[in-house]
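Below, read A as the first sequence line, B as the second, and so on, with proteins coming before strands; counting in each chain starts at 1.
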2 protein chains.
Amino acid sequence: MLSQTAEYALRAVLYLAERADDGTVRVGEMAQALRIPHNYLSKILHRLARAGVLASTRGKAGGFQLAVPADRLRLYEIVALFDRIDERRRCLLGRPQCSDSTACAAHSRWKQVADTVASFFRETSVADLLRGAEVSV
Amino acid sequence: MLSQTAEYALRAVLYLAERADDGTVRVGEMAQALRIPHNYLSKILHRLARAGVLASTRGKAGGFQLAVPADRLRLYEIVALFDRIDERRRCLLGRPQCSDSTACAAHSRWKQVADTVASFFRETSVADLLRGAEVSV
DNA sequence: TGTCTTTATCATGATAATATGATAAATTGA
DNA sequence: TCAATTTATCATATTATCATGATAAAGACA
């Protein structure tokens with residue numbers, strides 16, 4: 001559903017959100033804890049930082065931390081950096097033009113499904129997921 | 001959402017379903033009409049035929065046709081040959097073990113979304129899509 | 001039989017996603 | 001200043017997806 005890269009990004013952000021006030025976290029720690037290749041994760045975190053989702057500091061005691069409160073950070077802001085979420089919302093049959101007025105065979109039925117997926121990413125916050133975890137555990 | 005290959009397969013089956021009683025259709029015609037690379041489509045159709053979705057005949061007047069009535073052919077049977085639909089239904093965070101009892105942070109919320117997607121493919125038939133087209137055009 | 005048309009299959013290439021390894025740049029603190 | 005630690009970045013390898021080109025095998029029919 002998500003690319004490997006987007007999934008890694010989401011897991012990394014979630015990891016940071018869980019230990020929100022512990023200061024910065026090193027790539028090495030996260031890579032080990034989440035079992036994500038170190039340099040690969042490094043680039044993902046860097047990209048999240050450039051997008052303003054994370055803040056990074058170099059040198060000793062450096063690392064990454066959330067730059068946005070978890071309750072104001074939507075999954076969309078994380079995932080859309082790596083996957084074309086809006087594209088998949090479009091035509092199931094890949095038509096360049098497909099809308100309510102120029103519908104493909106699947107349009108009306110698919111639209112409802114695609115909107116459900118899109119709403120999930122747009123409306124769910126990182127904090128929502130943390131709460132989800134508490135409830136389920 | 002779907003891989004290019006699965007999307008091609010779906011479009012090809014839909015094309016055949018639209019002209020259900022016209023006998024067999026050649027790869028060349030479909031490739032041209034659907035703008036899919038000829039040899040690539042050829043392999044996709046062959047795979048659909050091996051799976052029993054299509055029937056193929058060689059030689060002059062050969063080609064492909066549906067092997068199953070459109071109203072008994074679910075999109076899942078087509079798409080699952082090329083994409084791992086069930087896998088994506090699973091954990092958003094990629095956990096090998098993630099269920100109601102061993103839930104990841106996203107589980108309860110994601111489950112509803114994933115079930116919506118899975119139900120679409122499992123319950124929608126090719127005939128449903130053809131009807132959808134009629135209504136919208 | 002022999003030729004034409006078609007699917008079936010093999011071999012290869014192109015591109016993007018995923019990942020690894022090495023080095024540069026910044027920061028801290030002795 | 002200098003060494004240690006960390007992110008930032010570059011170069012390259014690996015793998016899967018998407019696609020092309022050529023040939024083999026099967027069937028129809030004059």
If only side-chain N and O atoms of A:Tyr40 are considered, is one of them under 4.0 Å from the OP1 or OP2 phosphate oxygen of C:dG21? no
Round to a whole Å and report the spacing from CZ of A:Arg84 to P of C:dA16. 11 Å
Decide if atom CD of A:Gln4 counts as having more than 12 heavy atoms of other residues, nucleotides or ligands within a radius under 6.0 Å. yes
In 5'-to-3' order, the base (B), backbone-only (S) or no-contact (-) status of each nucleotide in nucleotides 3-15 of chain D, using a 4.0 angstrom heavy-atom cut-off, is --BBBSB-B----
Spacing of B:Arg47 atom CZ relative to D:dA19 atom C1', expressed in whole Å: 15 Å
Between B:Tyr8 and D:dA19, does any side-chain N or O lie under 4.0 Å from OP1 or OP2? yes
From CD1 of B:Ile44 over to C1' of C:dT7, roughly how many Å is that when rounded to an integer? 15 Å
Quick one: do B:Asp128 and B:Ser125 satisfy side chain to side chain donor-acceptor pair (under 3.5 Å)? Show the steps, please. CA-CA 5 Å; B:Asp128 288 333; B:Ser125 72; 3.2 Å; yes
Please work out which of the three classes, parallel, tilted or perpendicular, describes the rings of B:Phe121 and A:Trp110, given edges at 30° and 60°. tilted
From B:Leu16 atom CG to B:Leu45 atom CG, the distance as rounded to the nearest 0.5 Å: 7.0 Å
State plainly whether the residues B:Asp86 and B:Arg122 are in salt-bridge range, i.e. N to O under 4.0 Å. yes
Quick one: label B:Phe82 by what it contacts on the DNA or RNA (base, sugar-phosphate, nothing), any heavy atom closer than 4.0 Å. nothing
Do A:Arg19 and A:Glu29 meet the salt-bridge criterion of a basic N to acidic O distance under 4.0 Å? yes
